[in-house]
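All values below were derived from every heavy atom in this structure, side-chain atoms included, with hydrogens, water molecules and symmetry-related copies excluded. Residue numbers start from 1 in every chain, and the chains themselves are labelled A, B, ... in the order their sequence lines are given, proteins ahead of strands.
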Amino acid sequence: MTTIPDHAEADLPAQYDPAATEAAIYARWEQAGCFTADASRSMRVGGDRHPYGILMPPPNVTAILHVGHGLNSAVQDVLIRWARMKGMEALWVPGTDHAGIATQNVVEKQLAAEGLTRDDLGRELFVDRTKEFVEKTGGVILQQLRSIGASADWTRAAYTFSPELSVAVREAFVRLYEKKLIYRGHRVIHWCPRCLTSLSDEEAEPQETTGALYHIAYAVEGDSSRSITVATTRPETMFGDVAVAVNPADERYQDLVGKHVILPLLDLAIPVVADDYADPAFGTGVVKITPAHDANDFEVGRRHGLPTPVVIDMHGVMNEVADARGRVPQALRGVDRFEARTQTVAMLDAAGRLGKKETHQHNVRHCYRCDTVVEPRLSDQWFVRMAPLAAPALDAVRTGRVRLLPEKWVGVYEHWMTNIRDWNISRQIWWGHRVPIWYCKACDAPDNVIASREDITTCPHCGGDVVQDTDVLDTWFSSGLWPMSTLGWPNENATDLKAFYPTDVLVTAPEILFFWVARMIVFGYEFMGDAPFHSVYLHGTARDTQGRKMSKSLGNGIDPMDVVHLYGADALRYTLIAGMGLGADVFLDPDDLDKSFATGRNFATKLWNIGRFLLKNVGDASVRPFEDLRPDELGRSDAWILARLDAAIRECDRAVGPIRPAHGTWPDEERAAGLRLNEFAETARRFVWNELADWYLEASKGRLLTPGADAEVARSVLVHVFDQALRLLHPIVPFVTEALWQRLPGHVDGTFLATSSWPAARGGGDTGADFEVIKEIVEAMRRVRSEYAIAPGKTVDAFAMTSASVRTMLEGESALVSRLARTQLAFVDAVPSGAAANIVLSGGTQLIVPLAGLIDVTKECERLRTELANLEKQLVALETRLGNPGFIDRAPANIVEAERAKREEWTTRAGLLRARVEGLCGKA
RNA sequence: GGGCGAAUAGCUCAGCUGGUUAGAGCGCCUGUCUUACACACAGGAUGUCGGGGGUUCGAAUCCCUCUUCGCCCACCA
């Protein structure tokens, strides 16, 4: 570990070495408690500061950091560091998710490697083993987050399966149950035959699949000459058929309604029912009804009072599971569903019942955790009644209590919320919060189902034995409570809860808008009576150069830790933040990290070198306090850089945006304001690099080398401006800025940039216009030098023809012009004769550069003529506009005024240019 | 099938409620080891703002339409 001297000598390496500094800096931040929020300082509990809270989307406890986490955390860290510097009591709650199915799958894989299954261990041992695994290797990601600089409050790290959070889960479940918002339902749900659990609608992901549509002929009972044909993609489910349905309006089949058809292979008579569900336009217009294996068929079956034979078991294997005696042919029993499909088709073919087979594009749902094809299955599950809960959550977004950014997600959210379906929250796995429901074996009254906040062993009604429901809850049920449970809910008097709920911004990926975000809002209203946050920042995805999502399976991912080791956390953060528009994807090349992260790495190095320059040229002798400088002491470049700093501060503030809605709800004009972190990064970069480094530093070199009062002013301004720049950049690149800030002259031991204040614009004062003129001359002269390929070492003479005031000013800065553009500036009252380049600057100043021996007159004339032609073309367009009566009448006065002023300037410029062309090249 | 969004420089994107000669980063070209930085400095080139139509004094910006991509939702067996 390297220690950081407070006032380092100037012999720092030319290249920033993040590895040597980052870990040490982070350790010092953490030791000093920089990131630990003090709830008592929140205004909500009588403190002196506005609270500002962010809740980390808890990564899976088994996860290791990938670039998506990096991106997500970088955004949050920029915001929380910014809020902290803004003087708010900033709390970023980190934590992990026990991730039910995902974690269970990992442990099952380990067991499989040992030749074991979870059943070999039994429930209790399996849960113990998983717990042990999680304790030992879980939470690695939280450590990794430190190395990318995440300034979370680790003293409050939470875990969705901790004892505290388990209390919250039970409380929420029981309350909802008591309000009859949780109920047990017997219906067809999505079942993963590999994970052996049910899934919510959101967890069963549709994938576009090319399948086959098989036509099967069902003979009409009592009329062997007639048959009707059904079309199905899953022929193996035919053994569970209890009817065929036709549309009541479909004339083709009207006479068959009420009659029976013979189910092939089984010779079973099943009724023909009329139901609107059958679409006359699809396939043959006849649909087979398999209530136990299709959610829609289940509804049809219910409407018509049909039985529900189950012919596929929990493993996705054909079997007579329930109400299905004699329905599965002997040959198919115990056969996997896909193999059974092939065999069924062959059997139908042999029986002469198979019609055509068409290829068919359709969506097949897959398990979001293991990608197995989901099987619709009839079973008993716990559901949350969503419609009443969704209403306030929908309203929150509509009224602006909660804003979603980018706003395109609002429509998606509203659509989902208005068509919301009940949420299946029970899972038939072992790793998770056990459903807090017990069944009494003995008594029936009032019913035998007991929901309890405490574990119970006996029935509160009859004292008999009870057994707990074996299901666990959907992992998203506990995540949905995250904003409350991490702050102490259900203890409504918990200080953190009072101090920080509701929080401010939630940063996450749009993929989990419904899984997580919507449910947090729902629970927030149900249990706390308010939304958990006022802004949702939905960021994009990390993609490779071909636009593919980075993923483990494709092997196109980038390990953020590699980037940290190679270029540092700041390089990673800056590259991600600067490259990511609001909601836009980030494109990186996993095969060329050097190129991908050059932006951030180069920027960190640039900052480092500005620091080196400062330390070398300013030294660590005491510096006049900036506040003591009088306006008349400031040089032209000082005034200019201070004005630019003010502008940069304002632009950064505007980019990050309003902290929170002023009155609880976002007004329309602020709904999309702020959180433009890429604009923030770009503005800060432009200021530091293109203004501070490229101009102010260059302008200060001469001054610093000449001891005296002006050098003291320059030292003071330079330190002040760099200090402010480091503050502006700290949220994005915390390490290098902290390392440099602590080396600034006057740094007080034990203080951190991380907990210092955000810059405020000073306002008023000199706008730095004088320096702009100098800048323009330097730029013009550099162009001339480049254009005419003048040797770099050679000094050029230039004559300026300008107003007396500008002339006086320029005379005072001739040394600067000389140094920056290697130009010897003199003044004339009239354009001298002879070959020369002539440049007209804004404000009418003319620069005449004699180029005897250097200039190619033909080329110069060519250039001037082109310039003149372009200008004249623009002027014509401008005249047309100004000559248009409609424009004068309708356009706002200030626009018209601006256009007139422009005409004036361009006309003058064109005149001068024309004269120059005539002088140099003769009449055209 | 329904809904939403996008199309601007070679690439990734800014361009806010219509109004300077449409911008940035990266890339590209030309010079330069100028005493903080070659991970740098200086200079430069590049766009019928997806096509067509309309509204307007004025359109990259608003409206319609077409084309092409993307996203979300959905029970079409």
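No donor-acceptor contact under 3.5 Å links the side chain of Arg612(A) to the base of C37(B). For Gln15(A) against A38(B), no side-chain N or O and base N or O form a donor-acceptor pair under 3.5 Å.
Remark: U67(B) base-pairs with A7(B). Criterion, Watson-Crick or G-U wobble with two distances under 3.5 Å. Across all strands shown, U12(B) pairs with A24(B); the Watson-Crick or G-U wobble distances both stay below 3.5 Å. With a 3.5 Å ceiling on both atom-pair distances, the Watson-Crick or G-U wobble partner of G31(B) is C41(B). Base pairing annotation: A74(B) forms no Watson-Crick or G-U wobble pair, as no partner gives both donor-acceptor distances under 3.5 Å. Shown here, C49(B) forms no base pair; nothing in the strands shown gives a Watson-Crick or G-U wobble contact with both key distances under 3.5 Å.
Base engagement by Pro892(A) is indicated by at least one non-hydrogen atom pair under 4.0 Å involving a base atom. Arg890(A) comes within 4.0 angstrom of a nucleotide base, judged by non-hydrogen atoms across all strands. Glu897(A) comes within contact range of no nucleotide atom at all, as no heavy-atom separation falls under 4.0 Å. Tyr277(A) comes within 4.0 angstrom of a base, heavy atoms only. At the heavy-atom level, Gly285(A) lies under 4.0 Å from base atoms of the strands shown.
Under 4.0 angstrom from either OP1 or OP2 of G44(B) there lies no side-chain N or O belonging to Arg782(A). OP1 or OP2 of A36(B) lies within a sub-4.0 Å distance of a side-chain N or O belonging to Lys616(A). Regarding contacts with the backbone of A36(B), a side-chain N or O of Lys701(A) is found under 4.0 angstrom from either OP1 or OP2. Applying the 4.0 Å criterion to OP1 and OP2 of A77(B), one finds that His360(A) has a side-chain N or O inside that range.
No more than 12 heavy atoms of other residues, nucleotides or ligands lie within 6.0 Å of CZ in Arg654(A), so this atom counts as exposed by the packing criterion.
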Please write out the pairs of protein N or O atoms and N or O atoms of nucleotides 4-6 of chain B separated by less than 3.5 Å, giving the distance to one decimal.
none

When you compare the protein's N or O atoms with those of nucleotides 22-33 of chain B, which come within less than 3.5 Å of each other, and at what distance?
unit_1	atom_1	unit_2	atom_2	d
A24(B)	O2'	Glu682(A)	OE2	3.2

Show the distances under 3.5 angstrom between N or O atoms of the protein and N or O atoms of nucleotides 16-18 of chain B.
unit_1	atom_1	unit_2	atom_2	d
C16(B)	O2	Arg654(A)	NH2	2.7
C16(B)	N3	Arg654(A)	NH2	3.1

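Across A60(B) and G54(B), the matching P atoms stand 15 Å from one another, rounded to whole Å. Straight-line distance between the C1' atoms of U12(B) and G47(B): roughly 16 Å, to the nearest whole Å.
Atom CG in Asn363(A) sits roughly 7 Å away from atom P in C76(B) (whole-Å rounding). Trp416(A) places its CH2 atom 9 Å from the P atom of C73(B), with the value rounded to the nearest Å. Rounded to a whole Å, the CG atom of Leu692(A) is 14 Å from the P atom of A36(B). For Trp608(A) and A40(B), the CH2 to P distance is 17 Å, given to the nearest whole Å. Rounded to an integer number of Å, the gap from CD of Glu236(A) to C1' of A77(B) is 13 Å. For the pair Asp694(A) CG and A42(B) P, the computed distance is 5 Å after rounding to whole Å.
Between Leu871(A) and Ala14(A), the residue anchored closer to the 5' end of RNA chain B is Leu871(A), taking for each the nucleotide with the nearest heavy atom. Between Phe282(A) and Tyr16(A), the residue anchored closer to the 5' end of RNA chain B is Tyr16(A), taking for each the nucleotide with the nearest heavy atom.
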